[in-house]
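Numbers restart at 1 for each chain; the letters A, B, ... are given by sequence-line order, proteins then strands.
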There are 2 protein chains.
Amino acid sequence: MQDRVLLIEDDEELRVLLARYLSNQGFQVREAANGEDGLALALGQNCDIVVLDIMLPDINGLEVLRQLRASTHLPVILLTARGDETDRIVGFEVGADDYIPKPCNPRELVARLQALLRRIAWEQHTDVDAGQNYGDLRLEPEQRRVYQDEKVLDLTATEYEILQVLLARAGSVVRKTDLMQWALGRRLEAYDRTLDMHISNLRKKLGNDDPPRIETVRGLGYSYRLPA
Amino acid sequence: MQDRVLLIEDDEELRVLLARYLSNQGFQVREAANGEDGLALALGQNCDIVVLDIMLPDINGLEVLRQLRASTHLPVILLTARGDETDRIVGFEVGADDYIPKPCNPRELVARLQALLRRIAWEQHTDVDAGQNYGDLRLEPEQRRVYQDEKVLDLTATEYEILQVLLARAGSVVRKTDLMQWALGRRLEAYDRTLDMHISNLRKKLGNDDPPRIETVRGLGYSYRLPA
DNA sequence: CCGGGCTTTACAGAACCTTTACCAGCCATT
DNA sequence: AATGGCTGGTAAAGGTTCTGTAAAGCCCGG
C-alpha cells in the first residue's frame with residue numbers, strides 16, 4: 001500500500017525534482033501547480049497527505065490550508081521560506097501539521113512525511129492497554145483509577161499522581177524533591193508540608209498496614225515496598 | 001484539563017526558563033534533568049506530550065525516544081543542536097513527531113506543542129459503530145438518534161455529539177478539552193462553562209440515576225459508566 | 001417577532017489542596 | 001541521660017478551584 005502525496009508547488013523545477021524523489025521512495029505522487037487545483041484535488045479525497053507551498057501564484061498557501069481545514073483534517077506539511085517565523089507560526093495556528101523550510105532536503109521531507117503518516121496509522125489502531133500490576137494494586141491509566149483487589153480506590157488527582165510515581169519506581173527511593181516535581185509539578189520549598197499530607201492521606205486510603213506500603217526514608221524521601 | 005508537558009533537558013537554566021514560559025502559557029510542566037528519570041516519567045502515562053533534548057548526560061535522547069516508542073506513542077518534540085541534520089533525520093526515523101533547533105524561541109515551542117496536540121486530539125477521535133448498544137442505550141448514527149429501551153431520546157445536536165463521544169470511549173475518561181474539540185469542534189477556553197451545561201442537560205435527559213451514568217472525574221473530564 | 005438551542009452569567013456547594021499547629025521520634029552534642 | 005535542632009505524622013482549619021445548575025442573553029431560521 002503506497003501512500004498518496006499531493007504536492008502543491010508552483011516552481012516547476014522543484015516540484016518535478018521532489019515528485020521524482022518521492023516516487024522513488026515509494027510514494028504515489030499527485031501534483032498541482034497552483035492553489036485552486038491543489039485545493040480541488042485535496043478535497044477530492046484521493047490522497048493521504050499534502051505538501052503545500054505557502055507562496056503560490058493564485059491563492060495564498062495559508063488560505064488553501066484554511067479552506068481545507070474547514071472540511072477535512074488531511075495531514076498537511078507546509079513549505080516555507082527559510083527563516084520566516086511568522087508564516088510558520090501562522091501556519092500552525094491555521095492547522096498545519098508540520099512545516100519544512102525551503103530550500104528543502106528531500107531526505108528530510110521523506111522523513112517528515114513518514115513520521116506524520118506513521119503517527120496517523122498508529123492513532124487509528126486503537127489498543128486497549130491492560131493495567132499494570134503491583135502486588136494487589138492495579139493501575140488503569142485509561143480510567144485514571146487504581147484497583148486494590150478489584151475494588152476501586154477513591155483517590156484524588158494528586159494522590160493518583162503520587163502513587164503512580166512511587167509505583168513506577170517501586171522498590172527504590174524517590175526523593176521528596178523529585179516526587180514534588182513529578183507529581184505536584186512544582187519545587188519543594190522549605191516548610192512545605194503538602195507532600196507529607198498527601199502521603200499521609202494516601203497511606204490511610206491504602207490501608208495502614210504494617211510494615212507500611214509506603215516506607216519513609218528519613219532525610220530522603222519515600223519508597224513503595226513491593227511484595228516479595 | 002490543561003495539557004501536561006514533560007520537559008527532559010539537562011541544562012538547568014534553559015529548563016527552568018522553558019518551564020516557566022510553558023507554565024505561563026497554561027501548560028502543566030513536569031521536569032526531568034536526565035534521560036532515566038525522563039523515561040520513567042514518560043512511561044508513567046501522566047503527561048500528554050514530551051519535549052526531549054537529544055544531548056543528555058546519561059542516556060542519549062534518541063535512545064530515550066527509542067525506548068519510549070517500544071511501548072507508547074506519546075507525542076515527542078526533539079530539541080536538537082541547530083543545523084545538525086543527521087540528528088533530525090534519525091530522530092524522525094526513530095519516531096519523533098517534530099523537532100526544534102536550539103537555541104529555541106519559546107513562542108515557537110508553544111506553537112509546535114499546540115499544533116501537535118491539536119493533531120493528536122483530532123486523530124484520536126473515533127466514532128461509534130452503527131447500532132451499537134451500551135446497556136439500555138442504542139445509538140443509530142444514520143438517524144442521529146439515541147434509543148433508551150426502544151424510546152427515542154429527544155437530544156439536541158450538541159447533546160448527541162457529546163453522548164456519541166462519551167459512548168465511543170465508554171469506561172474511560174474523556175478529558176474536557178478533548179470532549180470540547182470532538183463534540184463542539186473548538187478549543188476549551190478558560191471560564192467556558194458550555195460543556196458543563198450540556199452535560200447537565202444530558203444527565204437530566206438520561207435520567208438522573210445514582211450512580212450517575214456520566215461520571216465526573218474532577219479536574220479531568222467525564223466518563224460514561226459501562227453496565228456491569 | 002418567535003422559539004429552540006447554544007452560550008454566558010451568577011451563585012452555591014463540593015472537593016480538593018495547603019497551611020497551621022502540635023506532637024513524636026531521630027540524632028548529634030553536651 | 002538530658003538537651004535541642006531537625007524531620008516526619010496527622011488533625012483541623014483555611015482557602016482555592018472545580019462543578020452543578022438556574023436563569024438570562026444571544027443568535028438564527030422560520
SB check [X] [Y] (cutoff 4.0 Å):
X	Y	answer
A:R144	A:E142	no
B:E31	A:R186	no
B:R175	B:D3	yes

Using a 4.0 Å heavy-atom cut-off, does [X] contact any base of the nucleic acid, only the sugar-phosphate backbone, or nothing at all?
X	value
B:I199	nothing
B:T156	sugar-phosphate
A:D192	sugar-phosphate

- Task: Please answer whether the main-chain N or O of B:V174 pairs with a side-chain N or O of B:D178 as donor and acceptor at a distance below 3.5 Å.
- Result: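 It does not hold such a pair.
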Where the side chain of [X] is defined as all heavy atoms beyond and including C-beta, which of [options] is the nearest nucleotide?
X	options	result
A:K176	C:dT7, D:dG8, D:dA11	D:dG8
B:T194	C:dT7, D:dT10, C:dC16	C:dT7
A:L184	C:dC6, D:dT10, C:dT18	C:dT18
B:R218	C:dA14, D:dG8, C:dT7	C:dA14

Rounded to the Å, how far apart are [X] [atom1] and [N] [atom2]?
X	N	atom1	atom2	answer
B:L202	C:dT7	CG	P	13 Å
B:D196	C:dT7	CG	P	12 Å
A:Y160	C:dC17	OH	P	15 Å
A:E189	C:dC17	CD	C1'	16 Å
B:N201	D:dT21	CG	C1'	9 Å
A:E161	C:dC16	CD	P	14 Å

- Task: Among B:L206, B:I162, B:L163, find the one that has a side-chain contact (heavy atoms from CB on, under 4.5 Å) with B:L155.
- Result: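 With B:L155 as partner, side-chain contact (heavy atoms from CB on, under 4.5 Å) holds for just one option, B:L163.
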- Message: Can you say whether a donor on the side chain of B:R203 sits under 3.5 Å from an acceptor on the base of D:dG20, or the other way round?
- Response: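 A donor-acceptor contact between them is absent.
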- Taking N and O atoms by type only, does the side chain of B:R193 place a donor or acceptor under 3.5 Å from a partner on the base of C:dT9?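 For B:R193, whose side chain was compared with the base of C:dT9, there is no donor-acceptor pair (under 3.5 Å).
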- Pairs counted as Watson-Crick or G-U wobble with both distances under 3.5 Å: what dot-bracket string results for DNA chain C, using | for bases tied to another strand? ||||||||||||||||||||||||||||||
- Message: More than 12 heavy atoms of other residues, nucleotides or ligands under 6.0 Å from CZ of A:R4: yes or no?
- Response: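 Count over threshold, so yes.
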- Query: Does atom CD of A:Q67 have more than 12 heavy-atom neighbours, drawn from other residues, nucleotides or ligands, at distances under 6.0 Å?
  - Reply: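 Enclosed: over 12 neighbouring heavy atoms sit under 6.0 Å from CD of A:Q67.
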